[in-house]
Q: 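What follows is a single structure, and I will ask about it in a moment.
One is the number of the first residue; the rest follow in order along the sequence. Given the structure is predicted, the values throughout are model-derived calculations rather than measurements.
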Amino acid sequence: MISIIIATYNRAPYILETLQSIAQQTYENFECIIVDDGSTDNTNEIVAPIVAKDKRFTYTLRPETQKKGANHSRNYGFTLSKGDYVKFFDSDDVMLPTHLEVSINTLEKSQYDFVVADCINFDTKGLLERPYNIDRKNSSISALRYAQFKTAWITNDLLVKREFANKLKFEGDIRDQASEYQYNIRLLLLTTNGFLIDKILTHRRIHDDGFVVKAKKDMLRFDIMNAELYYITAKYVKDLAPEALLRWLLSSHVLLTYKVATQKVFPENVIGATLFLARINGISGLMYPLSIISGYITGKGYKLAKIARE
(Lines give C-alpha, C1' and ligand atoms only; values in the text may rest on other atoms or scores of the structure.)
Protein backbone atom coordinates (compact mmCIF):
# COMPACT_ATOMS: atom_id res chain seq x y z
CA MET A 1 0.00 0.00 0.00
CA ILE A 2 1.08 3.58 -0.72
CA SER A 3 0.66 6.18 2.01
CA ILE A 4 -0.05 9.63 0.58
CA ILE A 5 0.43 12.40 3.13
CA ILE A 6 -0.94 15.88 2.51
CA ALA A 7 -0.34 18.88 4.76
CA THR A 8 -2.78 21.69 4.07
CA TYR A 9 -3.45 25.23 5.23
CA ASN A 10 -6.17 27.46 3.77
CA ARG A 11 -6.28 25.69 0.43
CA ALA A 12 -10.08 25.61 0.11
CA PRO A 13 -10.02 26.93 -3.49
CA TYR A 14 -7.74 24.10 -4.67
CA ILE A 15 -7.83 21.04 -2.40
CA LEU A 16 -10.97 19.50 -3.91
CA GLU A 17 -9.29 19.14 -7.31
CA THR A 18 -6.22 17.67 -5.62
CA LEU A 19 -8.21 15.04 -3.74
CA GLN A 20 -10.34 14.18 -6.76
CA SER A 21 -7.19 13.56 -8.80
CA ILE A 22 -5.99 11.14 -6.11
CA ALA A 23 -9.35 9.38 -5.83
CA GLN A 24 -9.28 8.77 -9.60
CA GLN A 25 -5.88 7.05 -9.65
CA THR A 26 -5.67 3.86 -11.68
CA TYR A 27 -3.68 2.31 -8.80
CA GLU A 28 -6.20 2.01 -6.00
CA ASN A 29 -4.27 0.49 -3.07
CA PHE A 30 -3.47 3.64 -1.13
CA GLU A 31 -4.35 5.63 1.96
CA CYS A 32 -4.46 9.43 1.86
CA ILE A 33 -3.85 11.20 5.17
CA ILE A 34 -4.77 14.90 5.17
CA VAL A 35 -3.33 16.93 8.04
CA ASP A 36 -4.86 20.38 8.48
CA ASP A 37 -2.31 22.84 9.87
CA GLY A 38 -5.03 25.05 11.38
CA SER A 39 -6.94 26.36 8.37
CA THR A 40 -9.23 29.34 8.95
CA ASP A 41 -11.20 28.84 5.74
CA ASN A 42 -13.74 26.10 4.97
CA THR A 43 -11.21 23.41 4.05
CA ASN A 44 -12.87 20.98 6.48
CA GLU A 45 -16.26 21.38 4.77
CA ILE A 46 -14.77 20.68 1.36
CA VAL A 47 -12.85 17.61 2.51
CA ALA A 48 -15.67 16.09 4.58
CA PRO A 49 -17.74 14.57 1.70
CA ILE A 50 -14.71 12.82 0.21
CA VAL A 51 -13.67 11.39 3.57
CA ALA A 52 -17.23 10.19 4.21
CA LYS A 53 -17.52 8.56 0.78
CA ASP A 54 -14.04 7.05 0.36
CA LYS A 55 -12.52 5.27 3.37
CA ARG A 56 -9.05 5.54 1.88
CA PHE A 57 -9.09 9.22 2.88
CA THR A 58 -8.72 10.50 6.44
CA TYR A 59 -8.73 14.08 7.70
CA THR A 60 -7.17 15.21 10.94
CA LEU A 61 -6.23 18.49 12.59
CA ARG A 62 -2.64 19.02 13.63
CA PRO A 63 -2.62 18.43 17.39
CA GLU A 64 -1.79 21.36 19.65
CA THR A 65 1.16 19.31 20.90
CA GLN A 66 2.72 19.58 17.43
CA LYS A 67 4.37 22.78 16.22
CA LYS A 68 2.62 24.69 13.46
CA GLY A 69 4.03 24.52 9.96
CA ALA A 70 3.70 22.43 6.82
CA ASN A 71 6.77 20.32 7.56
CA HIS A 72 5.70 19.60 11.14
CA SER A 73 2.30 18.54 9.75
CA ARG A 74 3.99 16.30 7.18
CA ASN A 75 6.07 14.64 9.88
CA TYR A 76 2.97 14.13 12.03
CA GLY A 77 1.05 12.67 9.10
CA PHE A 78 3.85 10.19 8.51
CA THR A 79 3.49 8.87 12.08
CA LEU A 80 -0.12 7.99 11.23
CA SER A 81 0.71 6.20 7.98
CA LYS A 82 0.91 2.44 7.46
CA GLY A 83 1.96 1.95 3.83
CA ASP A 84 5.04 0.12 2.58
CA TYR A 85 5.65 3.10 0.27
CA VAL A 86 5.40 6.78 1.12
CA LYS A 87 4.49 9.83 -0.94
CA PHE A 88 4.04 13.42 0.23
CA PHE A 89 1.82 15.61 -1.93
CA ASP A 90 0.86 19.29 -1.88
CA SER A 91 -2.75 20.28 -1.36
CA ASP A 92 -2.99 22.55 -4.40
CA ASP A 93 -1.45 20.30 -7.06
CA VAL A 94 -2.84 17.55 -9.29
CA MET A 95 -1.90 13.90 -9.84
CA LEU A 96 -2.39 12.67 -13.36
CA PRO A 97 -4.42 9.41 -13.40
CA THR A 98 -1.48 6.99 -13.74
CA HIS A 99 0.84 8.77 -11.31
CA LEU A 100 0.76 6.06 -8.64
CA GLU A 101 0.56 3.13 -11.05
CA VAL A 102 3.58 4.15 -13.12
CA SER A 103 5.59 5.06 -10.02
CA ILE A 104 5.07 1.87 -8.05
CA ASN A 105 5.37 -0.41 -11.10
CA THR A 106 8.72 1.17 -11.96
CA LEU A 107 9.95 0.90 -8.39
CA GLU A 108 8.91 -2.72 -7.86
CA LYS A 109 9.94 -4.01 -11.29
CA SER A 110 13.57 -2.94 -10.89
CA GLN A 111 13.72 -3.09 -7.08
CA TYR A 112 14.57 0.58 -6.62
CA ASP A 113 14.54 2.22 -3.19
CA PHE A 114 12.78 5.24 -4.64
CA VAL A 115 11.51 6.64 -7.93
CA VAL A 116 10.80 10.19 -9.03
CA ALA A 117 8.09 11.23 -11.48
CA ASP A 118 8.27 14.37 -13.62
CA CYS A 119 5.93 17.34 -13.44
CA ILE A 120 4.96 20.55 -15.19
CA ASN A 121 3.68 23.86 -13.84
CA PHE A 122 0.25 25.19 -14.73
CA ASP A 123 -1.98 28.16 -14.00
CA THR A 124 -5.44 29.30 -15.00
CA LYS A 125 -4.26 29.84 -18.59
CA GLY A 126 -2.82 26.35 -19.06
CA LEU A 127 0.46 24.46 -18.93
CA LEU A 128 3.71 26.36 -18.35
CA GLU A 129 7.32 25.17 -17.91
CA ARG A 130 8.72 22.23 -15.94
CA PRO A 131 10.11 23.23 -12.51
CA TYR A 132 13.41 21.50 -13.29
CA ASN A 133 14.32 21.11 -16.94
CA ILE A 134 16.92 18.36 -16.60
CA ASP A 135 17.92 15.47 -18.87
CA ARG A 136 16.20 12.71 -16.93
CA LYS A 137 17.46 9.91 -19.19
CA ASN A 138 21.13 10.72 -18.66
CA SER A 139 21.29 12.61 -15.37
CA SER A 140 23.10 10.84 -12.54
CA ILE A 141 21.71 10.84 -9.02
CA SER A 142 23.77 12.04 -6.05
CA ALA A 143 23.37 14.22 -2.98
CA LEU A 144 25.78 16.85 -4.31
CA ARG A 145 24.06 17.05 -7.71
CA TYR A 146 20.70 17.42 -5.97
CA ALA A 147 22.08 20.13 -3.66
CA GLN A 148 23.32 22.01 -6.73
CA PHE A 149 19.94 21.60 -8.52
CA LYS A 150 21.63 19.65 -11.32
CA THR A 151 19.33 16.73 -10.57
CA ALA A 152 16.21 17.87 -8.75
CA TRP A 153 12.54 17.24 -8.10
CA ILE A 154 9.67 18.62 -6.04
CA THR A 155 7.95 17.07 -3.03
CA ASN A 156 5.07 15.61 -5.05
CA ASP A 157 7.11 13.40 -7.31
CA LEU A 158 9.04 11.18 -4.91
CA LEU A 159 7.84 7.68 -4.02
CA VAL A 160 10.11 6.04 -1.43
CA LYS A 161 10.21 2.75 0.42
CA ARG A 162 9.15 3.02 4.03
CA GLU A 163 12.43 1.59 5.32
CA PHE A 164 14.12 4.78 4.12
CA ALA A 165 11.26 7.12 5.00
CA ASN A 166 11.63 5.85 8.58
CA LYS A 167 15.13 7.38 8.63
CA LEU A 168 14.02 10.78 7.32
CA LYS A 169 12.02 13.77 8.40
CA PHE A 170 11.18 17.20 7.07
CA GLU A 171 12.99 20.09 8.72
CA GLY A 172 10.18 21.79 10.59
CA ASP A 173 11.73 25.07 11.67
CA ILE A 174 12.66 26.44 8.27
CA ARG A 175 10.64 29.01 6.39
CA ASP A 176 8.51 28.09 3.38
CA GLN A 177 11.26 27.43 0.87
CA ALA A 178 12.18 24.16 -0.83
CA SER A 179 10.64 22.05 1.91
CA GLU A 180 11.89 18.85 0.29
CA TYR A 181 15.52 19.99 -0.04
CA GLN A 182 16.94 18.59 3.21
CA TYR A 183 14.71 15.52 3.05
CA ASN A 184 15.93 14.49 -0.39
CA ILE A 185 19.59 15.26 0.22
CA ARG A 186 19.55 13.07 3.31
CA LEU A 187 17.74 10.35 1.34
CA LEU A 188 20.48 10.46 -1.28
CA LEU A 189 23.13 10.12 1.42
CA LEU A 190 21.36 6.92 2.49
CA THR A 191 20.77 5.49 -0.99
CA THR A 192 21.17 6.45 -4.63
CA ASN A 193 19.32 3.35 -5.82
CA GLY A 194 16.61 5.40 -7.47
CA PHE A 195 15.23 6.19 -10.90
CA LEU A 196 14.01 9.34 -12.65
CA ILE A 197 10.84 8.51 -14.56
CA ASP A 198 10.84 10.40 -17.86
CA LYS A 199 7.12 11.04 -17.86
CA ILE A 200 5.05 13.95 -16.59
CA LEU A 201 2.73 12.59 -13.91
CA THR A 202 2.04 15.75 -11.87
CA HIS A 203 0.64 19.18 -12.60
CA ARG A 204 2.02 21.77 -10.16
CA ARG A 205 -0.26 24.75 -9.65
CA ILE A 206 1.14 28.30 -9.84
CA HIS A 207 -1.02 30.91 -8.11
CA ASP A 208 -0.67 34.22 -6.27
CA ASP A 209 -0.58 32.60 -2.83
CA GLY A 210 2.09 30.10 -3.81
CA PHE A 211 5.78 30.29 -3.01
CA VAL A 212 7.00 30.65 -6.62
CA VAL A 213 4.98 33.80 -7.24
CA LYS A 214 5.83 35.32 -3.86
CA ALA A 215 9.56 34.72 -4.38
CA LYS A 216 9.59 36.52 -7.72
CA LYS A 217 8.02 39.55 -6.07
CA ASP A 218 10.60 39.80 -3.27
CA MET A 219 14.09 38.65 -4.26
CA LEU A 220 15.65 39.85 -0.99
CA ARG A 221 13.31 37.57 0.95
CA PHE A 222 14.15 34.80 -1.50
CA ASP A 223 17.90 35.24 -0.85
CA ILE A 224 17.39 35.29 2.93
CA MET A 225 15.41 32.05 2.81
CA ASN A 226 17.90 30.35 0.50
CA ALA A 227 20.78 31.34 2.78
CA GLU A 228 18.90 29.79 5.69
CA LEU A 229 18.16 26.74 3.55
CA TYR A 230 21.83 26.03 2.86
CA TYR A 231 22.93 26.52 6.47
CA ILE A 232 20.19 24.39 8.01
CA THR A 233 20.73 21.69 5.40
CA ALA A 234 24.43 21.52 6.27
CA LYS A 235 23.51 21.07 9.94
CA TYR A 236 20.85 18.48 9.10
CA VAL A 237 23.16 16.21 7.06
CA LYS A 238 26.51 16.80 8.80
CA ASP A 239 26.55 13.31 10.31
CA LEU A 240 26.29 11.67 6.86
CA ALA A 241 27.60 14.19 4.35
CA PRO A 242 31.06 14.10 2.77
CA GLU A 243 33.15 17.21 3.27
CA ALA A 244 32.68 18.32 -0.34
CA LEU A 245 28.92 18.60 0.14
CA LEU A 246 29.26 20.50 3.42
CA ARG A 247 31.74 22.89 1.83
CA TRP A 248 29.39 23.58 -1.06
CA LEU A 249 26.40 24.23 1.20
CA LEU A 250 28.36 26.55 3.49
CA SER A 251 29.95 28.35 0.55
CA SER A 252 26.48 29.01 -0.89
CA HIS A 253 25.32 30.28 2.51
CA VAL A 254 28.26 32.69 2.73
CA LEU A 255 27.69 34.05 -0.77
CA LEU A 256 24.01 34.76 -0.17
CA THR A 257 24.40 36.22 3.33
CA TYR A 258 27.11 38.57 2.06
CA LYS A 259 24.73 39.67 -0.71
CA VAL A 260 21.99 40.24 1.88
CA ALA A 261 24.35 42.24 4.12
CA THR A 262 25.27 44.62 1.28
CA GLN A 263 21.56 45.48 1.09
CA LYS A 264 21.64 46.75 4.69
CA VAL A 265 19.98 43.67 6.16
CA PHE A 266 22.03 41.84 8.77
CA PRO A 267 21.71 38.12 8.03
CA GLU A 268 20.81 35.36 10.46
CA ASN A 269 22.90 32.39 11.65
CA VAL A 270 26.21 34.25 11.41
CA ILE A 271 27.63 32.86 14.67
CA GLY A 272 26.55 29.29 13.97
CA ALA A 273 27.83 29.42 10.39
CA THR A 274 31.15 30.88 11.54
CA LEU A 275 31.72 28.00 13.95
CA PHE A 276 30.76 25.51 11.24
CA LEU A 277 33.04 27.16 8.69
CA ALA A 278 35.97 27.24 11.13
CA ARG A 279 35.55 23.51 11.69
CA ILE A 280 35.43 22.73 7.97
CA ASN A 281 37.70 25.42 6.47
CA GLY A 282 39.96 26.19 9.42
CA ILE A 283 41.04 29.72 10.29
CA SER A 284 39.88 31.12 6.94
CA GLY A 285 36.32 30.55 8.11
CA LEU A 286 36.82 33.36 10.63
CA MET A 287 36.82 35.81 7.71
CA TYR A 288 33.10 35.20 7.31
CA PRO A 289 31.77 37.50 10.06
CA LEU A 290 34.24 40.18 8.99
CA SER A 291 32.89 40.02 5.45
CA ILE A 292 29.33 40.35 6.74
CA ILE A 293 30.14 43.36 8.91
CA SER A 294 32.10 45.00 6.09
CA GLY A 295 29.34 44.30 3.57
CA TYR A 296 26.69 45.71 5.91
CA ILE A 297 28.60 48.91 6.72
CA THR A 298 30.46 49.68 3.49
CA GLY A 299 28.85 47.50 0.84
CA LYS A 300 32.26 45.93 0.26
CA GLY A 301 34.14 42.90 1.57
CA TYR A 302 33.69 40.27 -1.10
CA LYS A 303 37.36 39.26 -0.89
CA LEU A 304 36.87 38.36 2.77
CA ALA A 305 33.79 36.33 1.86
CA LYS A 306 35.78 34.57 -0.86
CA ILE A 307 38.49 33.60 1.64
CA ALA A 308 35.85 32.26 4.05
CA ARG A 309 34.28 30.20 1.25
CA GLU A 310 37.60 28.64 0.28
Side-chain angles (χ1 to χ4, degrees), residues 69-71 131-133 142-152 154 170-186 188-189 208-310:
N71 280 351
Y132 298 111
N133 191 23
S142 73
L144 182 58
R145 284 184 62 84
Y146 187 92
Q148 296 172 337
F149 298 100
K150 294 178 179 178
T151 302
I154 65 172
F170 286 89
E171 179 56 57
D173 295 324
I174 192 169
R175 280 164 283 200
D176 186 20
Q177 151 64 350
S179 58
E180 73 278 1
Y181 191 75
Q182 297 92 357
Y183 188 98
N184 288 329
I185 290 175
R186 193 169 184 89
L188 293 171
L189 291 170
D208 288 343
D209 196 36
F211 173 78
V212 174
V213 173
K214 288 180 179 178
K216 290 180 179 179
K217 292 180 179 177
D218 188 350
M219 291 307 298
L220 176 60
R221 176 174 176 265
F222 185 68
D223 287 339
I224 290 171
M225 289 195 299
N226 269 324
E228 177 188 58
L229 177 74
Y230 292 130
Y231 171 67
I232 289 183
T233 300
K235 288 177 58 180
Y236 180 53
V237 301
K238 64 182 180 181
D239 60 323
L240 291 176
E243 191 170 286
L245 175 57
L246 295 177
R247 285 181 182 273
W248 190 89
L249 290 167
L250 291 171
S251 175
S252 300
H253 172 79
V254 169
L255 187 63
L256 283 176
T257 50
Y258 171 74
K259 180 182 176 183
V260 167
T262 62
Q263 298 179 66
K264 300 299 180 182
V265 176
F266 203 86
E268 301 172 2
N269 302 309
V270 172
I271 295 176
T274 299
L275 295 174
F276 209 152
L277 281 162
R279 196 180 78 201
I280 299 296
N281 292 350
I283 195 169
S284 64
L286 300 178
M287 296 297 104
Y288 170 58
L290 297 179
S291 72
I292 296 300
I293 293 170
S294 177
Y296 184 82
I297 295 174
T298 69
K300 300 178 180 180
Y302 176 75
K303 288 184 179 180
L304 294 172
K306 186 178 180 180
I307 293 172
R309 294 174 68 202
E310 296 174 349

Q: Could you state the interatomic distance from CD (E171) to CG (N71), rounded to the nearest 0.5 Å?
A: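 If we round to the nearest 0.5 Å, E171:CD and N71:CG are 8.0 Å apart.
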Q: Just how far is it from atom OG1 of T274 to atom CE of M287, taken to the nearest 0.5 Å?
A: 10.5 Å
Q: Any side-chain to backbone donor/acceptor pair from S294 onto L290? Under 3.5 Å, distance only.
A: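 A pair under 3.5 Å: no.
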Q: Donor-acceptor pair, N281 side chain versus A308 backbone, under 3.5 Å?
A: yes
Q: What's the spacing between E228 CD and D223 CG if we round to 0.5 Å?
A: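 Answer rounded to 0.5 Å: 13.0 Å.
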Q: Here's a test for you: under side-chain contact (heavy atoms from CB on, under 4.5 Å), which of L250, L246, L249 qualifies with T233?
A: L249
Q: Any heavy-atom pair between the side chains of L144 and Q148 that's under 4.5 Å?
A: yes
Q: Is the W248 ring parallel, tilted or perpendicular to the Y230 ring (thresholds 30°, 60°)?
A: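 The arrangement is perpendicular - the two ring planes meet at more than 60°.
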Q: V260 and P267: which non-hydrogen atoms are nearest, and at how many Å?
A: CG1-CB, 4.5 Å
Q: Does a side chain donor of either H253 or Y258 reach within less than 3.5 Å of an acceptor in the other side chain?
A: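 No, no side-chain donor-acceptor pair sits under 3.5 Å.
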Q: For residues G299 and T262, report the shortest heavy-atom separation together with the two atoms involved.
A: O-CG2, 3.9 Å
Q: Under 4.5 Å between any side-chain heavy atoms of E180 and Y146, yes or no?
A: yes
Q: Determine whether Q182 and I232 make a side-chain contact, defined as any pair of heavy atoms from C-beta on separated by less than 4.5 Å.
A: yes
Q: So do the side chains of R186 and D239 get within less than 4.5 Å of each other, counting heavy atoms only?
A: yes
Q: Within the structure provided, determine whether F276 and K235 are in side-chain contact (heavy-atom separation under 4.5 Å).
A: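 SC-SC contact between F276 and K235 confirmed.
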Q: At what distance, to the nearest 0.5 angstrom, does CD1 of I307 lie from CD1 of I283?
A: 11.0 Å
Q: Flag the pair P242 / L189 as yes when at least one side-chain heavy-atom distance between them is below 4.5 Å, and no otherwise.
A: yes
Q: Give the minimum heavy-atom separation between S291 and L304, together with the two atoms involved.
A: CB-CB, 3.6 Å
Q: How many angstroms lie between OG in S252 and CG in L229, if you round to the nearest 0.5 Å?
A: 9.5 Å
Q: Do we see a donor-acceptor contact under 3.5 Å between the side chains of Y231 and T257?
A: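 No, because no side-chain N or O of Y231 sits under 3.5 Å from a partner of the opposite role on T257.
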Q: Determine, step by step, whether I154 and Y132 satisfy the side-chain contact (heavy atoms from CB on, under 4.5 Å) criterion, reporting the C-alpha distance in whole Å, the side-chain angles of both residues, the deciding distance to 0.1 Å, and the verdict.
A: CA-CA 9 Å; I154 65 172; Y132 298 111; 3.9 Å; yes
Q: Under 3.5 Å, side chain of D218 to main-chain N/O of R221, donor-acceptor pair present?
A: yes
Q: Should L188 and S142 count as side-chain neighbours, where that means a heavy-atom distance under 4.5 Å?
A: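 No, too far: nothing below the 4.5 Å cut-off.
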Q: Taking the side chain from T298 and the backbone from G295, do they hold a donor-acceptor pair closer than 3.5 Å?
A: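 Side chain of T298 to backbone of G295: no pair is present.
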Q: Supply the atom-to-atom distance L255 CG to K306 NZ, rounded to the nearest 0.5 angstrom.
A: 11.5 Å
Q: Taking all atoms of both residues into account, what is the closest heavy-atom pair of I185 and A143, and its distance?
A: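 Closest approach of I185 to A143, heavy atoms only: O-CB, 4.0 Å.
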Q: Report yes or no: is the cationic atom of K264 (NZ for Lys, CZ for Arg) closer than 6.0 Å to the six-membered ring centre of Y296, at no more than 45° off its axis?
A: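 Output yes; distance and angle both within limits.
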Q: What are the two closest heavy atoms between I280 and R247, and how far apart are they?
A: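 Distance-wise, the nearest heavy atoms are O-NH2, 3.2 Å.
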Q: Quick check: do M219 and Q263 have side-chain heavy atoms less than 4.5 Å from each other?
A: no
Q: Could you check, using the six-membered ring where one of them is a Trp, whether F149 and Y181 have ring centers closer than 6.0 angstrom?
A: yes
Q: Identify the two heavy atoms, one from Y183 and one from Y236, that lie closest to each other, and give their separation to 0.1 Å.
A: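 For Y183 versus Y236, the nearest heavy atoms are N-CE2, 4.2 Å.
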